[in-house]
> 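Below is a structure I'd like to ask you about.
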Amino acid sequence: ETKNNSEKFFFIMDSLISFVVIWFSACYFTLCQDFMKLWIGNNNLFSDKTVVLFAFYFFFYKIKDMLNIYIDANGLWWKVKFIAFGSALFNLITNIVLVNFIGVYGVLLSTIIAFVCIDIPLNTAALSKYYFQEKKFNIKYLGAKFINAIQLIAVVFVSSFICSHFVASNVAGLVVKMIATATVTILLTLVSFVFSPNFRMGVNFVKEMLNNCLVVLNYNDLERCLNVLKYGMDNCLFKHYVLVDNASRDFNDELLNNVDFSNVIVLKNKKNLGYGAGHNVGLRYAVEVLKADNVAVIVSDIEYAENNIK
């Protein structure tokens with residue numbers, strides 16, 4: 001995989017994660033006060049400013065998480081270890097200073113400032129230098145996060161205005177408002193991402209991943225074939241399962257009557273077509289009939305250790 005493809009995939013996954021984070025942040029802001037009123041009463045609520053800070057804290061925290069996943073996965077933690085220490089020290093100092101002036105706001109604000117001024121830009125620079133090796137990566141990524149922040153503000157503002165018309169004075173009212181909020185915020189977030197090519201590619205990527213198929217070829221080895229199929233179904237790895245039988249002597253329809261294999265599609269060849277042609281029968285069915293976007297072929301005479309198939 002080239003660095004260019006890795007960067008492209010990074011931005012596709014980042015757009016999907018940003019979509020979910022903005023949606024959840026907006027839901028939190030819109031529903032938090034109503035939930036807390038029912039839980040602890042009006043006298044113990046945080047101010048609306050604090051709720052705003054909590055929403056942005058979650059937003060920036062998940063952005064930092066995305067960067068950390070890539071850093072950890074590529075073994076770069078040791079190269080960026082001082083970023084974490086520096087951010088923690090900066091957060092502690094600003095926390096102590098700001099709490100004395102603005103109280104609880106200072107706790108959240110100091111952490112958000114540490115994320116925005118230290119963690120996110122420096123971790124982005126580290127990925128740019130040590131992994132993607134692309135100078136423009138910093139600008140593209142931080143620019144995308146700036147746009148995401150604007151999207152969050154817009155979605156929060158509009159959704160909170162619309163959902164304020166729903167009164168949550170009891171549990172039933174809160175449930176109704178939760179449904180309305182989830183619907184309104186996801187629609188607004190979708191609108192805010194409608195012009196994002198990375199998001200559209202991400203949606204297509206998810207569709208392809210969900211529409212996949214496993215093809216297993218059997219020739220006098222039905223028990224192991226069924227073990228492979230069962231492992232895939234137990235772990236929900238594929239949408240479709242196709243078993244191609246190459247005119248085996250040991251094929252037993254009764255074994256497939258088990259409820260565990262009710263979703264398996266069985267294709268029986270009238271004669272042994274061999275390894276390649278036998279698999280092609282299953283591949284052709286998966287693509288032409290099932291319309292699968294991704295097809296996996298697993299050899300049954302290999303014993304797979306747990307978690308080998310993912």
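The figures here come from the full heavy-atom set of this structure, side chains too, leaving out hydrogens, waters and symmetry mates.
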> Between the side chain of Asn269 and the main-chain N/O of Asn272, is any donor-acceptor distance below 3.5 Å?
no
> Is Leu273 close to Lys271 at the side-chain level, that is, under 4.5 Å between some pair of heavy atoms?
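Yes, side chains in contact.
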> Are Met13 and Val20 linked, directly or through other ILVMFWY residues, by side chains that come within less than 4.5 angstrom of each other?
yes
> Are Leu92 and Leu53 co-members of a hydrophobic cluster defined by side-chain heavy atoms under 4.5 Å apart?
no
> Test: side chain to side chain donor-acceptor pair (under 3.5 Å). Region: residues 32-42. Which pairs qualify, not counting sequence neighbours?
Gln33-Asp48, Asp34-Lys177
> Restricting to non-hydrogen atoms, name the atom on Ile179 and the atom on Thr183 that form the minimum distance, rounded to 0.1 Å.
O-OG1, 2.8 Å
> From Phe82 CZ over to Leu122 CG, what is the distance, rounded to the nearest 0.5 angstrom?
13.5 Å
> Calculate, to the nearest 0.5 Å, the distance between atoms CZ and CD1 belonging to Phe58 and Ile112 respectively.
13.0 Å
> How far does CD1 of Ile69 sit from CG of Asp72, to the nearest 0.5 angstrom?
8.5 Å
> Please check if the side chain of Asn212 supplies one atom and the backbone of Lys239 the other of a donor-acceptor pair under 3.5 Å.
yes
> Please state whether the rings of Phe193 and Phe199 are parallel, tilted or perpendicular, taking 30° and 60° as the class boundaries.
tilted
> Got Tyr131 and Phe10 here, is their nearest side-chain heavy-atom distance under 4.5 Å?
no
> Indicate yes or no for a side-chain donor-acceptor contact from Trp23 to the backbone of Ala182 under 3.5 Å, with no hydrogens or angles considered.
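It does hold such a pair.
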> Applying a strict under-4.5 Å side-chain criterion to I, L, V, M, F, W and Y, I'd like to know whether Val289 and Ile265 cluster together.
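In one cluster: yes.
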> Give a yes or no on this: more than 12 heavy atoms of other residues, nucleotides or ligands lie within 6.0 Å of atom NZ of Lys129.
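12 or below, so no.
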> Could you check whether any side-chain N or O of Thr94 sits under 3.5 Å from a backbone N or O of Asn91, counting only pairs where one atom can act as donor and the other as acceptor?
yes
> Is there side-chain contact between Ser248 and Leu222, with heavy atoms separated by less than 4.5 Å?
no
> Using every non-hydrogen atom in the two residues, find where Ala247 and Tyr219 come nearest and quote the distance to one decimal.
O-CE1, 4.1 Å
> Of all heavy-atom pairs between Phe238 and Ala296, which one has the smallest distance, and what is that distance?
CE2-CB, 3.6 Å
> Taking the side chain as every heavy atom from C-beta outward, state whether Asn68 and Asn123 have any atom pair closer than 4.5 Å.
yes
> Could you walk me through whether Glu223 and Asn227 pass the side chain to side chain contact (heavy atoms under 4.5 Å, CB included) test, one step at a time?
CA-CA 6 Å; Glu223 186 176 346; Asn227 286 337; 4.3 Å; yes
> Donor-acceptor check, side chain of Thr189 to backbone of Thr185, threshold 3.5 angstrom: yes or no?
yes
> Hydrophobic clustering (ILVMFWY, side-chain heavy atoms < 4.5 Å, transitive) - are Val206 and Phe19 grouped together?
yes
> Given the rule in the side chain to side chain contact (heavy atoms under 4.5 Å, CB included) test, do Val194 and Arg200 qualify, once you have shown the distances and angles that lead to the verdict?
CA-CA 8 Å; Val194 71; Arg200 290 198 295 271; 5.8 Å; no
> Counting neighbours of CE on Met178 that are heavy atoms of other residues, nucleotides or ligands and sit closer than 6.0 Å, is the number greater than 12?
no
> Same cluster for Ile153 and Phe115 if Ile/Leu/Val/Met/Phe/Trp/Tyr side chains link at under 4.5 Å?
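Both belong to a single hydrophobic cluster.
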> Just verifying a value: how many Å separate Asn218 CG and Asp245 CG, rounded to the nearest 0.5 Å?
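So the CG of Asn218 and the CG of Asp245 are separated by 5.0 Å.
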> Side chains of Thr111 and Tyr61: any donor to acceptor distance under 3.5 Å?
no
> Are any side-chain N or O atoms of Ser15 and backbone N or O atoms of Ile12, one a donor and one an acceptor, separated by less than 3.5 Å?
yes
> What pairs of donor and acceptor atoms, side-chain ones from residues 158-165 against any protein atom, are under 3.5 angstrom apart with sequence neighbours left out?
{"from": "Ser159", "atom 1": "OG", "to": "Val155", "atom 2": "O", "distance (Å)": "2.6"}
{"from": "Ser159", "atom 1": "OG", "to": "Val156", "atom 2": "O", "distance (Å)": "3.3"}
{"from": "Ser160", "atom 1": "OG", "to": "Val156", "atom 2": "O", "distance (Å)": "2.7"}
{"from": "Ser160", "atom 1": "OG", "to": "Phe157", "atom 2": "O", "distance (Å)": "3.0"}
{"from": "Ser164", "atom 1": "OG", "to": "Phe161", "atom 2": "O", "distance (Å)": "2.6"}
{"from": "His165", "atom 1": "ND1", "to": "Phe161", "atom 2": "O", "distance (Å)": "3.2"}
{"from": "His165", "atom 1": "ND1", "to": "Ile162", "atom 2": "O", "distance (Å)": "3.1"}

> Taking the inter-plane angle between the rings of Phe46 and Phe54 on a 0 to 90° scale, is it parallel (under 30°), tilted (30 to 60°) or perpendicular (over 60°)?
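Rings of Phe46 and Phe54: tilted, as their planes differ by 30° to 60°.
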> Apply side chain to side chain contact (heavy atoms under 4.5 Å, CB included) to the pair Ile120 and Leu142, showing each step before the final yes or no.
CA-CA 8 Å; Ile120 293 173; Leu142 295 177; 3.9 Å; yes
> Just so I know, are the side chains of Phe35 and Leu174 near enough to count as touching, which here means a heavy-atom distance under 4.5 Å?
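Side chain of Phe35 against side chain of Leu174, heavy atoms only: contact under 4.5 Å found.
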> Grab the two heavy atoms, one from Tyr130 and one from Gln133, that are nearest each other, plus how far apart they are.
O-NE2, 4.3 Å
> Side chains of Thr30 and Val184: does their closest heavy-atom pair fall under 4.5 Å?
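A side-chain contact is absent here, since even the closest heavy-atom pair is not under 4.5 Å.
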> Can you pull out every side chain to side chain donor-acceptor pair (under 3.5 Å) where at least one residue sits in residues 139-150? Sequence neighbours excluded, please.
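Residue pairs passing side chain to side chain donor-acceptor pair (under 3.5 Å), neighbours aside: Glu7-Lys140, Asp14-Lys145, Ser18-Lys145, Ser18-Asn148, Lys145-Asn148, Asn148-Gln151.
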> Going by heavy atoms in the side chains, are Phe56 and Leu152 under 4.5 Å from each other?
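Yes, close enough: below the 4.5 Å cut-off.
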> On a heavy-atom basis, which atom in Leu217 and which in Gly274 lie closest, and how many Å separate them?
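Taking every non-hydrogen atom into account, CD2-O, 4.1 Å.
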> Are Val51 and Leu45 packed together at the side-chain level, in the sense that at least one heavy-atom pair is separated by less than 4.5 angstrom?
no
> Does the Asn170 side chain pair with the main chain of Ala172, one donor and one acceptor, at a distance under 3.5 Å?
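Yes, because the side chain of Asn170 sits within donor-acceptor range (under 3.5 Å) of the backbone of Ala172.
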> Could you go through the side chain to side chain contact (heavy atoms under 4.5 Å, CB included) check for Ile150 and Ile147 one step at a time?
CA-CA 5 Å; Ile150 294 175; Ile147 293 172; 5.6 Å; no
> Would you name the heavy atoms of Leu38 and Val171 that are closest together and state the gap between them?
CD1-N, 4.1 Å
> Which residue, Asn95, Ile93, Ile102, forms the side-chain contact (heavy atoms from CB on, under 4.5 Å) with Ser110?
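Single pass found, and it is Asn95.
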> Keeping Tyr241 on the side-chain end and Gly232 on the backbone end, is there a donor-acceptor pair under 3.5 Å?
yes
> Nearest 0.5 Å, please: how far is OG1 in Thr50 from OH in Tyr105?
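One gets 4.0 Å once the value is rounded to the nearest 0.5 Å.
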> Going from CG on Leu127 to CG on Leu67, what distance comes out if it is rounded to the nearest 0.5 angstrom?
6.0 Å
